[in-house]
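Contents: one structure, followed by commentary.
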Amino acid sequence: MTGEKENPTVATVQTVHETELVKSAQNGDRSAFGELVREHAQGVLNVVHRMCGDAQLAEDAAQETFIRAWQNLSSYRPQTSLRNWLYRIAVNAATDMLRKEKRILPDDIDDLHLPDGRPGVESLVSQQERITIVQKAILALPEASRAVLVLREYEGFSYQEISSTLDVPVGTVMSRLNYARKLLKEKLQPQLSLLEAEHV
Amino acid sequence: MSDHVTEWLNAYLDGELSGRRLHQVEEHLAECETCQSELESLQGLSALLQEVPAAESISPERFAAQVNLRLPHRPVKRTRNRIIEVGWWMVPVGLLAVWIFISTAILVSDMVSAANNIGLLDNGTALLISGTAENAGWTAALGQFGILQGNSLHWAEFTESFSRNVLPQFAWQVSIALLYLAWIAIWWARRTRQGHGQLLEG
């Protein structure tokens, strides 16, 4: 069994302290909300950064996430995970931000022009370039599949957590994840070959 | 060689399989090179994705201060949502209360009628529950005018009695049951929108 990836940012247990902060914030306490922002800022930023692929855009999207959270805090149910609720808003904020900014993203993953993966040629490609290529490939994924991939690969969410975060059935999570990985495997085949060669 | 388990390899890689499905995939992988290769390919992809670094660390204080500056001063609408939520859960409670009330009323009514029929009630009490449908009904009028006689009159009286006493009770119970079932259906639909993990257990 391969097992799940461990991720220190995964904290599904809602503390009593956090519940109290949420209650205070729901009653209009801005300092309590500020504490929640400090607690979840990095996690939210990580998610939107993976979704946007741009540091400045990600920070704007992260701020937008918390503003939307403040405006809709009354609809949050304390018995659910605050982190998951925030991540859902974050995914939507990142998507909206990308559309608003009209960033030129590849409409289709096939539009990417990636380097040839043959040994020799690939050896010229630095790791940084490879990272850029992978980021572009992720950005070229359909939004719904990208969100599932980000939550699974980078946040270490279980399928059930992704399901409740994005409000889609587990079956849909599976199909979106399968689709995202299939597309990425096809497009990143040269980089996969190189990575494999490096580890042999 | 059994059918390939390609469609389950992602879930297997993510540690999401359990029970019979997990056993099936593990057994298949032990003997299928094609699926082993596919799994290695997925593991390689996952490793490649992990090369992409996370967002740079930010100062939580600075970030929170920036967010605070942009927070609108809006009234908190918590009370309204709370009322809606409480109202939603009060629906089945209310239906149950109505059902208990109606059932109790019917039971008491039947008991009083039965007590009256066997002469357990005094004249004053009996007077209070007199004047029932049989006396004031349309069949009695038709019988007096001679329009209905014999068996026809008997069946008309029975039908009228049934429609006045049993049908309303039945309609009440069915209405409450339907409302309750509708509430359960809505609750279930909302709940299952979240999906469930049984799919992965095979």
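Computed from heavy atoms alone, side chains included, the values below leave out hydrogens, waters and symmetry copies.
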So does B:Trp183 have more than 12 non-hydrogen atoms from other groups sitting under 6.0 Å from CH2? yes
No-hydrogen, no-angle side-chain donor-acceptor test under 3.5 Å, B:Ser46 and A:Glu153: yes
Heavy-atom cut-off 4.5 Å, strictly under: side chain, backbone, both or neither for A:Glu59 against chain B? both
Residues that A:Trp85 engages under ring pair (Phe, Tyr, Trp, His ring centres under 6.0 Å), provided they are two or more places apart: A:Tyr76
Is B:Gln173 atom CD crowded by more than 12 heavy atoms from other residues, nucleotides or ligands, each under 6.0 Å away? yes
Please determine, among A:Gly34, A:Ala62, A:Ser175, the option with the most heavy-atom pairs under 4.5 Å with chain B. A:Ala62
Does some side-chain heavy atom of A:Ser164 sit less than 4.5 Å from a side-chain heavy atom of A:Asn84? yes
Name the member of A:Val134, A:Val47, A:Ile67 that forms the most heavy-atom pairs with chain B at distances under 4.5 Å. A:Ile67
Would you mind checking which part of B:Glu40 comes under 4.5 Å of any heavy atom in chain A, side chain (CB onward), backbone (N, CA, C, O), both or neither? neither
At a heavy-atom distance under 4.5 Å, which candidate from A:His40, A:Gln63, A:Lys182, A:Glu35 has the highest pair count against chain B? A:Gln63
Counting heavy-atom pairs under 4.5 Å with chain A, which one of B:Gly44, B:Ser57, B:Ala55 comes out on top? B:Ala55
Name the member of B:Leu42, B:Asn10, B:Asn68 that forms the most heavy-atom pairs with chain A at distances under 4.5 Å. B:Asn10
Flag the pair B:Glu26 and B:Arg21 as a salt bridge only when some basic side-chain nitrogen lies within less than 4.0 angstrom of an acidic carboxylate oxygen. no
Less than 3.5 Å apart, any donor N or O on the side chain of A:Asn46 or A:Tyr154 sitting next to an acceptor on the other? no
Counting only non-hydrogen atoms closer than 4.5 Å, does A:Leu36 touch chain B with its backbone (N, CA, C, O), its side chain (CB onward), both, or neither? neither
Geometric cation-pi criterion, A:Arg152 with A:Phe157: 6.0 Å, 45°: no
So which residues of residues 58-67 of chain B are in contact with chain A at a heavy-atom cut-off of under 4.5 Å? B:Ile58, B:Pro60, B:Glu61, B:Arg62, B:Phe63, B:Ala64, B:Gln66, B:Val67
Before accepting this row, confirm whether a basic side-chain N of the pair B:Asp14/A:Arg181 lies closer than 4.0 Å to the acidic partner's carboxylate O. yes
Residue from A:Glu18, A:Glu155, A:Glu161 passing salt bridge (charged side-chain N to carboxylate O under 4.0 Å, His left out) with A:Arg83: A:Glu161
